[in-house]
Amino acid sequence: MARRLARPWRLWPLPLLMAGLLTACQPGRPPAPTAAERQAALTAESQRRELERCNRDRDELRRQLEALRFTQRQLARVRSENYVPSARPQPLDPELEARFSLADQELDSLRHEQALERWRAEERQRSRAWRERHGSLLQGLEQRQREQLQELRALNSSLFEPDQPQRLRPAAVARYSSCDPKLF
């Protein structure tokens, strides 16, 4: 018995070594994931959520994009419109006028000047009314476009250029319109 007590220091590492081996070799415990594996799992989960969101919002996105494109086409058409004045009163043909007496020629000239003044006054009114209608139509379409862009941004802000909030990113629009899993 004295011999056993004399050498306990030789055996003390053995239980610790056995406990360490048993702990490391437990079959139900997987090895801890590496940082790259954790990042890859987070990326895959983010892509899965983004694809789910895309599928959920695809119909609404397509509807809003079509409405925006329609408004943009209308806006381009209205911006390209120009005012077209009515026909200006024409003076009498000089050959025809030469057949009349001097008094008739002066009377025709006076009538032409009066018709020209009436035409100018009417044209000022017509052009002012056209500019007002055109301006209000343009403002209405621009306001509608701003509202549609806000609705799109609320639905999916990644469709827009970060530095230009009014500009859509074509690649993002194509990706979210198709919801192709390869693109996510």
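Owing to the predicted nature of the structure, the values given are computational and were not obtained by experimental measurement. All values below were derived from every heavy atom in this structure, side-chain atoms included, with hydrogens, water molecules and symmetry-related copies excluded.
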Partners of [X] by side-chain contact (heavy atoms from CB on, under 4.5 Å), sequence neighbours excluded?
X    : result
L107 : R111
R53  : E50, R56, D57, N156
S178 : D180, L183
Q114 : L110, R118

Ring pair (Phe, Tyr, Trp, His ring centres under 6.0 Å) partners of residues 136-176, not counting sequence neighbours, each pair once =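 As it turns out, the ring pair (Phe, Tyr, Trp, His ring centres under 6.0 Å) pairs with a partner in residues 136-176, which skip direct neighbours, are Y176-F184.
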Pairs where residues 49-93 contributes a residue and the test ring pair (Phe, Tyr, Trp, His ring centres under 6.0 Å) is met, not counting sequence neighbours =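 Matches after skipping sequence neighbours: Y83-W130.
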For a quick test of your reading: what N or O donor-acceptor pairs under 3.5 Å do the side chains of residues 84-95 make, sequence neighbours left out?
unit_1 : atom_1 : unit_2 : atom_2 : d
S86    : OG     : W119   : NE1    : 3.0
S86    : OG     : E123   : OE2    : 2.6
Q90    : NE2    : R88    : O      : 3.2

query = To which residues is L75 joined in a hydrophobic cluster, defined by side-chain heavy-atom contacts under 4.5 Å among Ile, Leu, Val, Met, Phe, Trp and Tyr, whether direct or through other members?
reply =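 In the cluster with L75 are V78, L137, L138, L141.
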I'd like to check the side-chain hydrogen bond (donor to acceptor under 3.5 Å, both in side chains) partners of [X]; sequence neighbours left out, ordered by chain and number.
X    : answer
R131 : S127
S101 : D104
R58  : N55
R133 : none

